[in-house]
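So the structure is just underneath, and the comments pick up after that.
Protein chains get the first letters and strands the later ones, always in sequence-line order, with residue 1 at the start of each. For the numbers below, each heavy atom of this structure counts, side chains included, while hydrogens, waters and symmetry mates do not.
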Protein chains: 2
Amino acid sequence: MYKSKRISDSTIHRLSLYYRSLAALEKSGHQTVCSKELGKREKLTPAQVRKDLSFFGSFGTRGLGYPVRELKDKIAEILGINRTWNVAIVGVGNIGSALIGYKEFQKQGFHIRLAFDNDQRKIGSLHKGILISDVKELKPLLRKNGIQMVIVAVPAGSAQAVVDEVVEAGVKAILSFAPTNLKVPEEVFLRTENMAIELEHLSFHLAKPYYRRPARP
Amino acid sequence: MYKSKRISDSTIHRLSLYYRSLAALEKSGHQTVCSKELGKREKLTPAQVRKDLSFFGSFGTRGLGYPVRELKDKIAEILGINRTWNVAIVGVGNIGSALIGYKEFQKQGFHIRLAFDNDQRKIGSLHKGILISDVKELKPLLRKNGIQMVIVAVPAGSAQAVVDEVVEAGVKAILSFAPTNLKVPEEVFLRTENMAIELEHLSFHLAKPYYRRPARP
DNA sequence: GTGCAATTGTGAAACAGTTCACAAACTGAG
DNA sequence: CTCAGTTTGTGAACTGTTTCACAATTGCAC
């Protein structure tokens, strides 16, 4: 039975993985899938799959498994991707520019509606079909366009100032690519992504001598 | 005392955070820092900081704290970023292209030496100072240039084929941005990054009604 | 129908990660 | 040299997550 409880980040992350596997399964014509198969595809134990899903309800049929189409829709609902979201990007440098053109976002219903920069040479120009606005216009434009999520891709030094504006505009979800710590009020959800840290993770594993790889299941 | 043990991903991730805080502290002229201060800067408990560091040795002085410069260097050594790494990027689309120009990599000693694509219009051209090679040349060129890490930024459909080549070339660390599951042999370290999943995480938090935000410390 | 095989949903157990709490070790003042 | 004040390093306790194991259900064959 469904219980309201704190759902862990790892569970949410895995829901996204299940969603992708289910989408693939649906495409290849599967009607149902069991936790064993879904687990195999995502390198997880069947128990993990069942436990994750059980936090949100009971969607399977004993002896048979889960209905692919239905479960996929249910997860979309849980993740809030059964709808579209209005997203803005601040900072049209390397990363920001890449994200504007990133097809996967469109596909999942994340629509990039606005892009901002502080470089006069970029402001007013079209970038992959998006007009780049002056970051000075950030707050009013976010409000006016009903933006719900903002991706911050500016240098570390200017990130906090941008985030403050974004918060003031009433946006409650921010994804930052700035390699710095950011302060946001309690009610705003912030995630920070750092590509360099990902490479450092690789480097740690190559560097040894600390760490031993655990046995695979 | 230093104990060889499986180090958790979270600890490794936090080491990267400490490294950044320490670099900032060094720049601002601090000689020493205590776990309380370091924890405050990264929104972690002092105990967490001390525990993380204790996995690798004992670097502090009781009553005083940690020597900033020394600890920073030590963490660099642990993470393997006290040296340079030769990195190649496969796929010069939105993401790949952004990463080629990403300054933070250079700064941390990750040098992008090669870039590959399968688009004849891109092959042979310079992209932000890097010559784009034909992906058909992948294996020999990785070998010849002593590439130690590869970033895979190709569409989901071609990712496994690329990864197989990369593995055959003897590369032991791969960072993938392809939204798909990849198989690699036991001895190869693979991390998969997926921007869309990050946005789905935001979306989950906005969507409710599942989840209740936990109290902040 | 009945029975067999399959698979879920879920408490309980095991494991992993975090925080506590305190002895040990150091600094600096007097 | 001693003492008060700090802060580390680390077992132990705690908290959270994953895995186990099994009753409860269902599908399907006959």
Partner set under side-chain hydrogen bond (donor to acceptor under 3.5 Å, both in side chains) for A/E42, not counting sequence neighbours: A/S21, B/N181
Where at least one partner belongs to residues 155-169 of chain B, residue pairs that pass side chain to side chain donor-acceptor pair (under 3.5 Å), sequence neighbours excluded: B/K139-B/E168, B/Q160-B/D164
Integer-rounded Å distance: D/dG16 P and A/R6 CZ: 9 Å
With sequence neighbours excluded, residues passing ring pair (Phe, Tyr, Trp, His ring centres under 6.0 Å) with A/Y102: A/F105
Nearest-angstrom distance from the residue atom CG of A/L71 to P of C/dT7: 16 Å
Phosphate OP1/OP2 of C/dG9 contacted by A/Y66 side-chain N/O (<4.0 Å): yes
Sequence neighbours excluded - side chain to side chain donor-acceptor pair (under 3.5 Å) pairs with any residue from residues 189-198 of chain B: A/R191-B/E198, A/E198-B/R191, A/H201-B/R191
Whether A/F189 and B/H205 hold their rings parallel, tilted or perpendicular, with breakpoints at 30° and 60°: parallel
Within the sub-3.5 Å range, which N or O atoms of nucleotides 19-22 of chain D have a protein N or O partner, and how far apart are they?
residue: D/dT19; atom: OP2; partner: A/T45; partner atom: OG1; Å: 3.0
residue: D/dT19; atom: OP2; partner: A/Q48; partner atom: OE1; Å: 3.4
residue: D/dA21; atom: N6; partner: A/R50; partner atom: NH2; Å: 3.1

Residues forming a side-chain hydrogen bond (donor to acceptor under 3.5 Å, both in side chains) with B/S97, sequence neighbours excluded: B/H127
Protein-nucleotide distance (B/H13, atom NE2; C/dT18, atom P), rounded to Å: 12 Å
Partners meeting side-chain hydrogen bond (donor to acceptor under 3.5 Å, both in side chains) with A/Y18 (sequence neighbours left out): A/D52
Within residues 19-37 of chain A, residues whose heavy atoms come under 4.0 Å of DNA chain C: A/C34, A/S35
Protein N or O to nucleotides 23-27 of chain C N or O, pairs below 3.5 Å:
residue: C/dA24; atom: N3; partner: B/R62; partner atom: NH1; Å: 2.9

Contacts of B/R20 that satisfy salt bridge (Lys or Arg N to Asp or Glu O under 4.0 Å) - sequence neighbours left out: A/E200
Spacing of A/F56 atom CZ relative to C/dG9 atom P, expressed in whole Å: 14 Å
A/K72: salt bridge (Lys or Arg N to Asp or Glu O under 4.0 Å) partners, not counting sequence neighbours: A/E26
Non-neighbouring partners of A/A156 that pass side chain to side chain contact (heavy atoms under 4.5 Å, CB included), sequence neighbours left out: A/P179, A/T180
Lys/Arg-Asp/Glu bridge criterion (N-O < 4.0 Å) met for A/K74, A/E70: no
A/D9 CG - C/dG17 P separation (whole Å): 15 Å
B/E42 CD to C/dT18 P, straight-line distance once rounded to whole Å: 15 Å
Short side-chain N/O contact to C/dG9 OP1/OP2 from A/S58, under 4.0 Å: yes
